[in-house]
Amino acid sequence: MSAAAAAVDDARARPADAAMAFVRRNGWTLGLLAFLAVLLVYTRAIQPTYGVTGIQGLAISVLPLALASVGQAIVVISGGIDLSIGSMMALTSVVAASQMKGQGEEFGVGIVIAVLALGLLLGAINGSLVVLTRVPDIVVTLAMSFVWAGCALLVLKTPGGGAAVWLKELVKGSLVNEWVPKAAIALVIIVAVIWLPVQRSRLGLSLYAIGSNQLAAFRSGVSVGRTKLASYMLTGLFAALAGLSLTANTGIGTPVPGPYTLTSVAAVVLGGVSLAGGRGGVAGPIVAVVILQLLRSDMTFLNVNTNLATVANGVILIGVVMFGSLIQMRRARA
Amino acid sequence: MSGVASAPSAPSARNPWLTATAWRRLFRDRPILPLLALLALLVALSELVRPGIVNPNWAGFILRTAVPLAILAGCQTLTMLTGGIDLSVGAVASGSGFLVATLVGDQGLAVAILAAVVVASLAGLLTGIGVGVFRVHPLIMTLGMGLVVFGLANWWQLVMVQTGGGTPDELRWIGSGSFMGIVPHSLLVFVPLALVILVGLRRTGYGRLLYAIGDNPVAARLSGARAWQVIVLLYVISAVMAAIAGFLVSGLTNVASVTLADSYVLPSVAAAVIGGTSIMGGRGGYGGTIVGALILTVIISLLSSLGYPEAVRQVLFGAIIVTVAAAYTRITAES
């Protein structure tokens with residue numbers, strides 16, 4: 001017994017084994033990163049001109065879905081699901097665009113802060129409905145997706161509005177080195193400032209705990225209701241950030257929700273977050289979003305029929321998830 | 001204060017039908033009763049805001065619109081009983097309706113319908129294998145299969161662009177026609193189908209297996225149920241039902257397009273949930289779902305007769321679903 005414990009201590013002490021443990025824990029994300037690297041090389045091979053412009057375009061087009069997927073990942077990790085993300089993005093985007101139109105640059109700062117607060121509020125409404133009514137998350141957020149989409153239509157009937165110049169500049173172009181797009185920096189900063197502190201904190205532990213086993217978490221003194229509420233508020237915040245990035249990308253707000261809700265669920269699962277909750281992180285989903293977008297642009301370049309590209313997306317989604325569950329089944333048998 | 005409170009409770013001690021607990025118990029044992037009450041309330045409300053609107057024609061219209069929704073909600077009910085969900089019904093239904101419209105010109109109706117049903121069952125078979133054998137989460141599996149079917153239907157549309165036909169007359173007859181302008185022809189399809197589902201869920205071994213697997217998969221496996229076979233068959237059934245709904249929708253709207261039934265997907269989940277089927281599996285039934293589909297159809301018709309803009313309608317629709325689901329959960333909660 002003590003010999004075994006000593007062996008474990010030894011293993012922890014050796015850096016090579018520590019690295020192995022890290023690889024094992026983040027195997028899925030590292031695999032995705034390796035796949036992304038291969039895909040980038042392949043992209044470069046089929047489009048020799050793919051370079052700075054391509055990377056910048058990629059980063060900008062990825063940003064809204066990446067933020068939405070981080071939001072979805074947080075709520076899925078804590079055992080829920082949010083099918084209203086796309087509608088919340090539409091609502092926050094049209095609110096931002098309609099209020100910023102024709103206003104000064106400084107006024108835009110206030111609007112952005114107000115929209116982020118709105119995101120928190122929308123998330124809080126979703127979360128408290130889930131907690132108070134005890135109706136399954138998927139049903140509540142499905143119904144609320146109608147409510148938020150309707151509110152978006154009330155704010156703006158047709159696509160329109162405007163965006164402050166600094167907001168648009170925030171995601172356009174590159175910083176320091178031309179290979180580092182501003183949109184990617186924005187994504188990293190947002191995740192580092194909002195999610196990482198939460199993940200390291202008591203709240204983060206509680207989020208994983210209620211996702212992994214709600215009853216056990218409750219018995220260990222986690223306030224399940226409050227934690228669930230917090231997870232939905234975080235998701236609302238990220239949906240608002242995603243909505244703002246939509247406005248920043250396009251310069252306007254569109255009241256009809258894009259295909260972000262279900263795509264974010266797909267990205268979260270591809271990114272190694274278990275739909276059963278309690279497992280995974282936000283890095284995997286982000287990499288998965290980049291891969292999906294790069295695949296799409298490659299297929300466009302190769303002149304693959306867009307309909308077959310949709311088929312390919314579905315096949316990839318199913319295939320990767322099947323592969324993941326096969327690995328898990330083998331592990332469970334071994 | 002206490003005198004006021006105790007006064008009404010005195011007679012209720014004699015008559016058990018007047019106590020809140022008795023009502024709660026009744027609703028818990030017969031969850032379809034509050035749903036029927038809600039439906040009656042909504043019909044009364046429709047009559048109240050638009051006097052004269054409730055007449056046989058209106059009832060025929062509601063039934064005609066509710067039938068495809070009720071069939072698609074049946075797909076959700078069956079899959080939800082095992083703890084699953086079928087988000088591919090929209091793509092499968094639209095694809096089947098579209099396939100029939102493109103094939104009917106050259107091949108005749110019977111062949112066209114047979115082809116569409118075969119294609120739908122193939123999609124269902126693949127979904128079932130993914131969910132049952134490879135244990136892919138049903139949400140993801142049906143989402144991916146929906147993308148595959150939608151993409152293939154679009155591709156087929158490009159292939160068939162020269163020959164493209166319209167909705168065949170027979171489908172229009174069954175989808176939008178009615179006997180004496182009141183009793184919709186689509187009931188000819190729906191009533192037998194609904195009876196098969198209702199009886200099948202209650203009286204057949206397969207139906208009981210669906211409940212068993214959803215309620216406790218481990219216990220079902222230990223008692224000898226081969227879950228994967230049940231689930232593969234389940235998703236084939238669901239896809240065939242979606243195809244049937246697709247035929248009816250294309251007959252109802254007289255349009256054949258690859259996105260025809262997409263707008264039915266979320267309401268079909270909502271109808272099953274309002275009807276009391278638990279999305280966690282093991283609880284519910286088709287009777288409630290049918291009433292749920294009727295309730296949603298009446299709500300939609302009520303909201304549009306009030307003349308609200310689309311935005312307000314959407315907000316109210318969502319709010320009503322949350323409210324009904326919450327009230328239902330509260331009423332039927334075991335405590």
Side-chain angles (χ1 to χ4, degrees), chain A residues 81 83-84 87 125-126 129-130 132-157 255 259 262-263 265-266 268-270 274-276 305-326 328-329, chain B residues 85 87-88 91 126-127 129-130 133-158 258 265-267 269-270 272-274 278-280 308-330 333:
Chain A
I81 192 166
L83 296 186
S84 67
S87 306
I125 294 175
N126 280 348
L129 281 173
V130 168
L132 292 179
T133 63
R134 294 201 213 139
V135 176
D137 310 55
I138 191 168
V139 178
V140 171
T141 55
L142 179 63
M144 293 313 285
S145 74
F146 288 102
V147 175
W148 303 140
C151 290
L153 271 175
L154 281 181
V155 175
L156 268 187
K157 274 207 184 60
L262 293 180
T263 321
V265 175
V268 159
V269 174
L270 290 182
S274 157
L275 273 183
N305 185 318
T306 47
N307 304 314
L308 292 184
T310 315
V311 176
N313 265 340
V315 171
I316 291 169
L317 177 61
I318 296 171
V320 172
V321 175
M322 243 180 218
F323 175 70
S325 78
L326 274 183
Q328 245 171 20
M329 277 201 255
Chain B
I85 192 166
L87 294 184
S88 67
L126 288 177
T127 312
I129 291 175
V133 181
F134 291 95
R135 312 266 176 84
V136 179
H137 196 291
L139 194 69
I140 292 300
M141 188 67 212
T142 55
L143 189 61
M145 187 51 71
L147 285 179
V148 171
V149 172
F150 176 69
L152 287 176
N154 263 313
W155 169 78
W156 179 249
Q157 186 173 30
L158 289 183
V258 291
V265 177
L266 299 186
V269 178
V273 168
I274 287 181
S278 161
I279 210 157
M280 307 303 193
Y308 287 135
E310 171 69 17
V312 180
R313 267 189 278 166
Q314 279 198 22
V315 172
L316 287 174
F317 187 67
I320 290 171
I321 293 177
V322 171
T323 317
V324 173
Y328 199 85
T329 316
R330 181 129 308 177

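The structure displayed is predicted, hence computed values, not measured ones.
- Note on A:Val135, A:Ile138, A:Val147: by heavy-atom pairs under 4.5 Å with chain B, the leading option is A:Val147.
- Listed options B:Val133, B:Ile321, B:Val269, B:Leu266 were ranked by heavy-atom pairs under 4.5 angstrom with chain A; first place goes to B:Leu266.
- Only the side chain of A:Val269 has a heavy atom closer than 4.5 Å to any heavy atom of chain B.
- Residue contact with chain B, scored on non-hydrogen atoms closer than 4.5 Å, involves the backbone and the side chain of A:Leu262 alike.
- Nearest approach of A:Ser87 to A:Ser145, heavy atoms of both residues: OG-O, 2.9 Å.
- Counting heavy atoms from C-beta outward, A:Ile81 and A:Val265 have side chains that approach closer than 4.5 Å.
- Between the CE atom of A:Met144 and the CG atom of A:Asp137 there is a distance of 13.5 Å, given to the nearest 0.5 Å.
- With a 4.5 Å cut-off on non-hydrogen atoms, A:Leu129 touches chain B through its side chain but not through its backbone.
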- [ ] Just do the side chain to side chain contact (heavy atoms under 4.5 Å, CB included) check on B:Trp155 and A:Val311 with the steps written out, would you?
- [x] CA-CA 10 Å; B:Trp155 169 78; A:Val311 176; over 6 Å; no

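- No part of B:Val149 comes within reach of chain A, as not one of its non-hydrogen atoms sits under 4.5 angstrom from that chain.
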TODO: Could you walk me through whether A:Trp148 and A:Ile125 pass side chain to side chain contact (heavy atoms under 4.5 Å, CB included), step by step?
DONE: CA-CA 11 Å; A:Trp148 303 140; A:Ile125 294 175; 3.8 Å; yes

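- Using a 4.5 Å cut-off between heavy atoms, B:Ile85 touches chain A through its side chain atoms alone.
- With values rounded to the nearest 0.5 angstrom, A:Ile318 atom CD1 is found 9.0 Å from B:Thr142 atom OG1.
- Only the backbone of A:Leu132 comes within less than 4.5 Å of a heavy atom in chain B; its side chain stays farther off.
- If you tally non-hydrogen atom pairs under 4.5 Å between each of A:Gly150, A:Cys151, A:Ala312 and chain B, the highest count goes to A:Gly150.
- With chain A as the partner, the residue from B:Met145, B:Glu310, B:Met141, B:Arg313 showing the most heavy-atom pairs under 4.5 Å is B:Met141.
- With a threshold of 4.5 angstrom between heavy atoms, B:Phe150 approaches chain A through side-chain atoms but not through N, CA, C or O.
- Between chain A and the residues B:Leu316, B:Leu147, B:Leu152, B:Ile320, the most heavy-atom pairs under 4.5 angstrom are made by B:Leu147.
- Interface check for chain A: of the options B:Leu126, B:Leu139, B:Ile140, the most heavy-atom pairs under 4.5 Å are formed by B:Ile140.
- A:Val139 touches chain B through its side chain: at least one heavy atom from C-beta onward sits under 4.5 Å away, while N, CA, C and O do not.
- Here the shortest heavy-atom pairing between A:Asn126 and A:Val140 reads O-CG1, 4.1 Å.
- For a residue to count as touching a neighbouring chain, one of its non-hydrogen atoms must lie under 4.5 Å from one of that chain's; by this rule B:Val273 touches chain A with the side chain only.
- Rounding to the nearest 0.5 Å gives a distance of 11.5 Å between CG of B:Leu143 and NE2 of B:His137.
- Between chain A and the residues B:Ser278, B:Gly144, B:Ala311, the most heavy-atom pairs under 4.5 angstrom are made by B:Ala311.
- Between A:Pro255 and A:Val155 there is no side-chain heavy-atom pair separated by less than 4.5 Å.
- The nearest pair of heavy atoms linking B:Ser88 to B:Gly146 is CB-N, 3.8 Å.
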